[in-house]
Amino acid sequence: MYRFLLTPRWWGINVFALLAIPLCLFMGSWQLSRFEDRVNTHQQQEDRSARAKTEAARPLAGLLPVDTVTSGRQASARGHYDTGHQLLVPDRTLKDKHGLQQGFYVLDLLRTDGGKALPVVRGWLPGDAGSKADRAKVPAPPKGEVTVTGALQASENQGTDGVQAGGGLPQGQLGMISAASLVNIVPYEVYDAWITLTDTQAPLRAVPPAAAEGSGLDLKAFQNLGYTGEWFVFAGFVVFMWFRLFRRDAEAAKDAALGIAAEGEPMPERGAAQGEERGAGQGEERGAGQGEAAPARRG
C-alpha cells in the first residue's frame with residue numbers, strides 16, 4: 001500500500017523534510033541561545049554597574065579599550081579643559097520623576113597629560129541646544145589642571161539612541177560622541193571613548209551611563225526570541241505538511257486497491273479490465289447461440 005513512498009516525487013518530499021526539520025530546529029536553538037546570552041550579559045552588566053558605584057576609580061589607560069567588561073566602570077583622568085571647544089549634544093532625553101525630558105548634553109574635551117583629549121560629558125540640561133537662553137544656562141568648565149572621575153563609555157555609533165549622524169547641525173553642536181565625529185572639529189587626537197561625570201556643577205544633571213552595546217534587553221534581544229518561535233513553528237509546519245501529504249496519498253492508494261475512484265477521476269484500470277472481460281464473455285455467448293440456431297433453420 002505504501003509503495004508510493006518509493007516514487008521520485010516522494011523521494012524529493014522526504015529529502016526536503018529530512019533537511020528542513022533539523023535546520024529549523026538548529027536555527028531556533030541558535031536564536032534562543034542568542035537571547036539567553038543577552039539576558040546573562042544584561043544581568044552581568046547590572047552587577048558590574050552596581051559594583052562600579054562603590055569601587056574606586058581606576059586610571060583611564062588601564063580600562064581601554066572599552067568593552068562589555070570595562071563599560072560603566074569608574075575612570076579617572078587628569079588634565080585641563082579646552083575651553084575653546086565646548087560642544088552641545090542636542091536632542092538627548094533624561095528620565096526623572098516626571099518621566100522623559102528633552103534636553104542636551106554639555107561636552108568638553110579634557111586635554112590629558114598623555115597628549116590625547118578625552119570627551120567629558122559634564123552633564124545634561126533641559127531645553128533646546130539651539131536656544132540662546134538655554135545655552136546661557138551652561139556653566140563654564142573649571143580652569144586649570146583638574147582630575148575628573150566618571151563612568152567610562154564606548155564611542156557612539158549610528159545605532160545609538162539619540163544620535164544624529166546626518167550632519168547639518170549648527171556650529172558648536174555635535175550629533176554623535178565619538179572620535180570619528182571629533183576628528184574634523186579639534187586639531188588634536190581624541191580617545192575612542194568618553195566619560196560621563198558622576199558629580200556635576202549646578203544646574204547640570206549627571207547623565208547615567210548606558211549599558212554596553214549588545215548587553216541589554218533591547219529590541220534586538222526580543223527579536224532573537226521572536227525568531228526562535230518562528231523557526232520552531234516552521235519545523236512543526238514541515239512535519240504537519242508531510243503527514244498531510246502522506247495521509248492523502250495513503251488513502252488514495254487504499255481506494256485504488258479497492259477499486260474506488262476519487263470524485264472526478266476515471267475508474268481504475270482494474271475495473272475497466274473487468275468490464276472488458278465481461279463484455280467479451282457476453283459477445284462469445286451471443287455468437288455461440290446464433291451459430292447453433294442457423295443450421296436448424298437450413299434443415
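Since we're looking at a predicted model, the values are computed, not measured.
In this structure, R111 forms a cation-pi arrangement with Y188, its terminal cationic atom sitting closer than 6.0 Å to the ring centre and no more than 45° off the ring axis.
The 12-atom threshold is exceeded at CZ of F246, counting heavy atoms of other residues, nucleotides or ligands nearer than 6.0 Å. Heavy-atom neighbours of D199 CG from other residues, nucleotides or ligands within 6.0 Å: at or below the threshold of 12. Remark: Q102 CD is packed, more than 12 non-hydrogen atoms of other residues, nucleotides or ligands lying under 6.0 Å away. Environment of CG in D113: crowded, with over 12 heavy atoms of neighbouring residues, nucleotides or ligands closer than 6.0 Å.
Tested against L87 for a side chain to side chain contact (heavy atoms under 4.5 Å, CB included), the candidates I177, V106, L182 yield a single pass: L182.
Of the possible polar contacts, none joining the S131 side chain to the D128 backbone as a donor-acceptor pair under 3.5 Å is found. With hydrogens and angles disregarded, a donor-acceptor distance shorter than 3.5 Å links the side chain of Q153 to the backbone of A210. A side-chain donor-acceptor contact under 3.5 Å links S181 to the backbone of S178. Although no hydrogens or angles enter the test, the distance criterion places a donor-acceptor pair under 3.5 Å between the side chain of W194 and the main chain of A154. Checked by atom type and distance alone, the side chain of R135 pairs as donor or acceptor with a backbone atom of G130 at under 3.5 Å.
Contact check for Y81 versus L109: no side-chain heavy atoms found under the 4.5 Å cut-off. When side chains are defined from C-beta on, Q101 does not count as touching L94, because their heavy atoms never get closer than 4.5 Å. A 4.5 Å side-chain heavy-atom check between L169 and L174 finds every atom pair outside the cut-off. Two residues are said to be in side-chain contact when any heavy atoms from C-beta on lie closer than 4.5 Å; Q173 and L107 fail this criterion. In this structure the side chain of T7 never reaches within 4.5 angstrom of the side chain of W11, judged on heavy atoms.
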Name the atoms and distances for all side-chain donor-acceptor pairs under 3.5 Å in residues 114-124, with sequence neighbours left out.
residue, atom, partner, partner atom, Å
R122, NE, D108, OD2, 2.6
R122, NH1, Q201, OE1, 2.6
R122, NH2, Q86, OE1, 3.1
R122, NH2, D108, OD2, 3.4
R122, NH2, P139, O, 2.6
W124, NE1, R92, O, 3.0

Could you go through residues 21-36 and list every donor-acceptor pair under 3.5 Å that involves a side-chain atom there, pairing it with any protein atom two or more places apart or in another chain?
residue, atom, partner, partner atom, Å
S29, OG, L25, O, 2.9
Q31, OE1, N224, ND2, 2.9
S33, OG, W30, O, 2.6

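Other cluster members for F237: F240, M241, joined by side-chain heavy-atom distances under 4.5 Å among Ile, Leu, Val, Met, Phe, Trp and Tyr.
Between D134 and F104, the shortest heavy-atom distance links the atoms O-CZ, 3.9 Å.
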